[in-house]
Amino acid sequence: MAFFEVDQLSLSFGGVRAVRDVSFEVAQGEVFAIIGPNGAGKTSVFNLITRVFDASAGSVRLLGREITGVARHDVVRHGIARTFQNIELFEGATVLDNLMLGRHCAPHGSLLAQLFDLPVVRRAETATREVVEDVIALLDLAPHRMSLVAGLPYGIRKIVELGRALVAGPKLLLLDEPASGLNPEETHELAHWIRDISDALGITVVMVEHDMSLVSAVADRVLVMEQGQVLTSGTPAEVQSDPRVIAAYLGA
Ligand SMILES: Nc1ncnc2c1ncn2[C@@H]1O[C@H](COP(=O)(O)OP(=O)(O)OP(=O)(O)O)[C@@H](O)[C@H]1O
């Protein structure tokens, strides 16, 4: 059984077949990148995995468990967290509060236990705080802990979003264009964090990315999509030298 399997996944918007029979497998601990020209269907694949859209056909399995029937708000409980192409944070809240909210899916005891402030709830809150503090330390966010997200530079906000996905304690982390809007130095730093997330925390990463410097630096394997379909897959070096991939990017 593969750690994560996408099997014959398809999605249509009216007449547009955004995703067509897409299949791939990701091993535990791998950093796996999905690349392809604009409109290739990469974000649609993420939206199918995270149940934003219903697949017209196919299946998605994490550790053998079917995800395609899970409610959207329950996907994170099944071990899958994601970041978005356009940052989705609470702008008027602090970094700390945004990170605490990322943990809201963790069980905090029954409603009665919460109403009476029982020890089980307090223990859960302490555990949440510990996880959040670990993520703040891992991503060097301590200087920004009490800052409002709205006032932070774009590059820091992207890292906060990464942190918010991490505090959910995912087995599988989906990153949608994590390097977009970052300068080369920030992208270089991001590469270190992605490797740490994979190597030190053992979290499997699947990312959609256009920046080939990041893909080459962190990805173990790359899936190339074109017009909703899988064009090829391989190591970053293999796919970059593949004439079919070069032609797809040149629009040939
Ligand atoms: N909500 C939607 N409604 C209708 N069509 C959509 C929708 N989302 C995506 N599409 C179409 O599906 C196809 C795949 O889009 P998708 O955003 O998945 O591609 P992508 O590879 O992520 O592109 P990019 O790199 O530009 O983000 C495109 O033709 C797009 O116009």
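For ligands, and for the atoms within them, numbers begin at 1 and follow the listed sequence.
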Are any of the N/O atoms on [X], whether in the backbone or the side chain, positioned under 3.5 angstrom from an N/O atom of ligand 1?
X	answer
Gly39	yes
Val16	no
Gly41	yes

If you measure from the Lys or Arg side-chain nitrogens to the Asp or Glu carboxylate oxygens, is any gap between [X] and [Y] under 4.0 Å?
X	Y	result
Glu25	Arg61	no
Asp220	Arg195	yes
Glu91	Arg157	yes

Against heavy atoms of [X], which atoms of ligand 1 measure under 4.0 Å?
X	answer
Glu177	25 (O), 27 (O)
His210	25 (O)
Ser44	14 (C), 15 (O), 16 (P), 18 (O)
Ala40	19 (O), 20 (P), 21 (O)
Lys42	18 (O), 19 (O), 20 (P), 21 (O), 22 (O), 23 (O), 24 (P), 25 (O)

Protein contact to [atom] [nearest heavy atom, distance to 0.1 Å]:
atom	value
atom 17 (O) of ligand 1	Thr43 CB, 4.0 Å
atom 27 (O) of ligand 1	Gln85 NE2, 3.4 Å
atom 26 (O) of ligand 1	Asn38 OD1, 3.2 Å
atom 12 (O) of ligand 1	Ala18 CB, 3.3 Å

(request) Using a 4.5 Å cut-off on heavy atoms from C-beta on, say whether the side chain of Arg17 contacts that of Gln227. (result)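 No - every pair of side-chain heavy atoms lies 4.5 Å or more apart.
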(request) Would you please say whether a donor-acceptor pair under 3.5 Å links the side chains of Arg82 and Asn47? (result)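 Yes, Asn47 and Arg82 have a side-chain donor paired with an acceptor closer than 3.5 Å.
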Look at the side chain of [X] and the backbone N and O of [Y], then say whether any donor-acceptor pair between them is shorter than 3.5 Å.
X	Y	value
Ser56	Ser10	yes
Ser241	Glu238	yes
Lys42	Met225	no

(request) Closest by any non-hydrogen atom to atom 11 (C) of ligand 1: pick that one out of Phe46, Phe13, Phe53. (result)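 Ranked by closest heavy atom to atom 11 (C) of ligand 1, first place is Phe13.
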(request) Indicate whether atom 31 (O) of ligand 1 is within a distance of less than 4.0 angstrom of some protein heavy atom. (result)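 There is no protein heavy atom less than 4.0 Å from atom 31 (O) of ligand 1.
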(message) I'd like to know whether the aromatic ring centres of Phe24 and Phe32 sit less than 6.0 Å apart in this structure.
(response) yes
